> 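Below you'll find the structure I mean.
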Amino acid sequence: MISMKSIKFLFTLLLFCTISLVAQQKKYVSYTVQKGETMKSIAKVYKISTRDLLRLNPDIGRKPKANTVIIVPNLNYGKHVVEVVEDEGEYHTILPKETLYGISKKYNTTIEQLKKLNPHIAEGLKIGMKIKIPLNVNKEEEVSEATYILHTVVKDETVYNLTRRYEISEEELLQLNPILNDGLKLGMVLKIRIKENTVIDEEDEVLEGVSLFVESLNVEKNINVAIMLPYQINKYTDSTRARSFSKSNSLLTIATDFHMGAAIAIDSLKRKGLSINVNYFDTENSNYKLKTIVDRNDFSNTDIVIGPLFYEKAHWLSKQIDVPVFAPMYSKKQDGLSNNNLIKSDSDDLEERLLDYMKASYKGQNIIVVNDGLEASKSKLWKAVNALKAFDSIQNVEVIKSNKGYIDNTKFKEKLSLDTNNWVLLISDEIVTTAATINNLKGFAEEYNITLLSIDKGKNFDNVDNSFLGQLNFVFASKDFVNMQNPMVKQFFNKFKNTYNSFPSKYAIRGFDVTYDALIRLASKDSLEDGLKAGTSSRISAMFDYNKKLFGSFENKGIFIIQYNPELNPIIIE
């Protein structure tokens, strides 16, 4: 019995197209190897064993070079193939692993246009299928550098209104803003690519030249990932040690929490249609065990390794295998240890990032730097002062040092300006100096325009009332920021709670962020390197903005600039 869906599909084809039925075809056809493909991956696509594919191509090795022509089975052999034939237009034959998104980019058209001209693709793309390409497009045409804005959703706005207003498709809006899968919500901040001559509201923040990572999943791509963590399962094999080994073990807690976050990331990507194979390895936090893992396992078909947890071990591993290795956690040692296939996924350049923000935002503010006078913070103090003095048209940089944490408020009175905004940069991790600075400044907040800045919001701020930070427009740099108003963040917390009956720790969130971002970049581009270069992304708590140093590693430079607004809510300002 034919389903109603099939009847509608056939009727649509008859209405728009002439159908040509081809009853017999060649049993084998030629295929050009794409970059990054192996005989094993090609064999999987064409539903044949690797051994049989090698027999068909006896002169070809297991890892053929790109553009090598090989013989493969014709997947449509013995079948009736529906071929669209029309009077005019350019045609494209579907190749393995191709997606509508990739084809639309290749021919500089839209997915909507492709679907309109080819109703038969509603059932999905099939290898060998021919589709019509819209007329008057040029696949060689270069797309001009995009300009983006950040648009804050206001009352009564709809997705339809936004697509009409900014002249973009709903699909493009969803691609840039996956959070819209849960619906449009008041206050939501959306990334929107705008066209030339588009009228922009003053409230919309223009992000010219900003490269934003856009997901464009190739669901036919098969990804092999290895996760290496110090689970220390060996400790359970000895009954004597097992009795003294509990969840209170901090290393076990970190490893298992990271694992749980990574597992949710992989499950989320599988639900999107990705094929992901995962192998977990227990490094036992042992150099010997790590060497044993390398010696006893073949990583030639592994696409990504996440871990080991500690940077030095990840660095060692990257030198032993020819596979991209993601170091998941920051280490002070990473500045001096690099390797071409080692990806540093965590950053700590908070001071540099805050100073870059101040330089870009400087418009004649009166700058005061507060320091605790301790030996440990001297280098940070003079690095900051020298950087500030290098600003264009800088007038002066005043320095106030505390005396054993105490600061006389007359020092602030002498240096604060009534005529302009006062930037007070705190260079100190010391609790007493921090408290003295804030207590002094809050007394001047009504009379003077003050912005307090700090390299980060460390433990020295733990006992500070947020209301004071709001009064002082507090700005700081951070490599982690969780916005619980974000629907994606809420969804992750709910899923974690439902799965593990607890809320995620910072290590669980880290496990999700690193794993999800790494795999989705690989799945969206032809290679991981292309994915790492594809722009900035924000996950549950981390930002990823990868840069590659000359003859070195890819490094994540993603750091947030956060500000407390008068309502006492921390918001991302850059």
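Values in this document were obtained by computation on a predicted structure and should not be read as measured data.
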> Between S300 and R62, does a side chain to side chain donor-acceptor pair (under 3.5 Å) hold up when you go through it step by step?
CA-CA 11 Å; S300 59; R62 290 180 175 269; over 6 Å; no
> Should M543 and D517 count as side-chain neighbours, where that means a heavy-atom distance under 4.5 Å?
no
> Working to the nearest 0.5 angstrom, can you tell me the gap between F554 CZ and L528 CG?
7.5 Å
> What closest approach, in Å, do A327 and Y311 show between heavy atoms, and which atom pair accounts for it?
CB-CD1, 3.6 Å
> Without swapping roles, check the side chain of S286 against the backbone of Y288 for a donor-acceptor pair under 3.5 Å.
yes
> List the steps and the verdict of side-chain contact (heavy atoms from CB on, under 4.5 Å) for N57 and M39.
CA-CA 10 Å; N57 301 272; M39 295 298 271; 4.2 Å; yes
> Testing the basics here: between I48 and L53, what is the closest heavy-atom pair and its distance to 0.1 Å?
CD1-N, 3.9 Å
> Do you see a donor-acceptor pair shorter than 3.5 Å between the side chains of S347 and N556?
no
> So which atom in L114 and which in I133 form the shortest heavy-atom distance, rounded to 0.1 Å?
CD2-CD1, 4.0 Å
> So with a 6.0 Å cut-off around CG of D348, is the heavy-atom count from everything else above 12?
yes
> Could you give me the CA-CA distance, side-chain angles and deciding distance for D257 and S505, then say whether side chain to side chain donor-acceptor pair (under 3.5 Å) is met?
CA-CA 7 Å; D257 283 4; S505 68; 2.7 Å; yes
> In Å and rounded to the nearest 0.5 Å, what is the CD to OG1 distance from E170 to T163?
7.0 Å
> Quick one: pull up CD1 in I276 and CG in L274 and give me the separation to the nearest 0.5 Å.
5.0 Å
> L56 vs V72, test: side-chain contact (heavy atoms from CB on, under 4.5 Å). Steps then yes/no.
CA-CA 8 Å; L56 282 173; V72 296; over 6 Å; no
> Between the side chain of D346 and the main-chain N/O of P328, is any donor-acceptor distance below 3.5 Å?
no
> Can you check whether Y280 reaches Y231 side chain to side chain, under 4.5 Å on heavy atoms?
yes
> To check you understand the geometry: which heavy-atom pair defines the closest contact between A255 and L229, and what is its length?
O-CD1, 3.6 Å
> Give the minimum heavy-atom separation between S275 and N222, together with the two atoms involved.
OG-OD1, 2.7 Å
> Do the non-hydrogen side-chain atoms of I121 and M129 ever get within less than 4.5 Å of each other?
yes
> Keeping K221 on the side-chain end and K525 on the backbone end, is there a donor-acceptor pair under 3.5 Å?
yes
> So, does N341 use its side chain to make a donor-acceptor pair with the main chain of V323 at under 3.5 Å?
yes
> Roughly how far, to the nearest 0.5 Å, is CD1 of I293 from CG of D282?
7.0 Å
> State, yes or no, whether a side-chain contact exists between R510 and F258 at a heavy-atom distance under 4.5 Å.
yes
> Quick check: are there more than 12 heavy atoms from other residues, nucleotides or ligands sitting under 6.0 Å from NZ of K557?
yes
> Do L317 and P308 touch side chain to side chain, with heavy atoms closer than 4.5 Å?
yes
> Tell me, yes or no, whether the heavy-atom count around Q320 atom CD, taken from other residues, nucleotides or ligands under 6.0 Å, exceeds 12.
yes
> Checking the side chain of R539 only, and the main-chain atoms of D513 only, is there a donor and an acceptor separated by less than 3.5 Å?
no
> I'd like to know if the side chain of S331 reaches the main chain of K333, judged simply by a donor and an acceptor atom lying under 3.5 Å from each other, with no hydrogens or angles considered.
yes
> Report the C-alpha distance between L162 and L184 in whole Å, list the side-chain angles of each, state the deciding distance to 0.1 Å, and finish with yes or no for side-chain contact (heavy atoms from CB on, under 4.5 Å).
CA-CA 11 Å; L162 291 172; L184 191 70; 4.2 Å; yes
> Please test K344 against S338 for side chain to side chain donor-acceptor pair (under 3.5 Å), starting from the C-alpha separation and ending with a verdict.
CA-CA 9 Å; K344 303 174 183 180; S338 295; 2.8 Å; yes
> Under the criterion side chain to side chain donor-acceptor pair (under 3.5 Å), I'd like the reasoning laid out for N224 against N301: C-alpha separation, chi angles, the key distance, then a yes or no.
CA-CA 7 Å; N224 297 310; N301 290 321; over 6 Å; no
> Can you tell me how far the CD1 atom of I60 sits from the OG1 atom of T68, to the nearest 0.5 Å?
5.5 Å
> Short question: side chain of D267, backbone of A263 - any donor-acceptor pair under 3.5 Å?
no
> Roughly how far, to the nearest 0.5 Å, is the CG atom of L309 from the OG1 atom of T283?
7.5 Å
> Counting only N and O atoms by type, is there a donor-acceptor contact under 3.5 Å from the side chain of S553 to the main-chain atoms of N339?
yes
> Checking the side chain of S318 only, and the main-chain atoms of H315 only, is there a donor and an acceptor separated by less than 3.5 Å?
yes
> Write down the atom of E312, the atom of L337, and the distance for their closest heavy-atom approach.
CG-CD1, 4.2 Å
> Are K495 and Q491 packed together at the side-chain level, in the sense that at least one heavy-atom pair is separated by less than 4.5 angstrom?
no
> Within 45° of the axis and under 6.0 Å from the centre of the six-membered ring of F503, does NZ or CZ of K497 qualify?
yes
> Evaluate the side-chain contact (heavy atoms from CB on, under 4.5 Å) criterion for residues L532 and K548: first the C-alpha distance (whole Å), next the side-chain angles of each, then the deciding distance (0.1 Å), finally the verdict.
CA-CA 9 Å; L532 294 173; K548 188 171 186 179; over 6 Å; no
> Below 6.0 angstrom between ring centroids: does that apply to Y516 and F544?
no
> Checking side-chain polar atoms at under 3.5 Å, does S49 have a donor or acceptor matched by the opposite partner on D52?
yes
> Is the shortest heavy-atom distance from the side chain of H120 to the side chain of I131 under 4.5 Å?
yes
> Just so I know, are the side chains of D480 and F560 near enough to count as touching, which here means a heavy-atom distance under 4.5 Å?
no
> Describe, in one word, how the ring planes of F492 and F496 are oriented to each other, choosing from parallel (under 30°), tilted (30 to 60°) and perpendicular (over 60°).
tilted
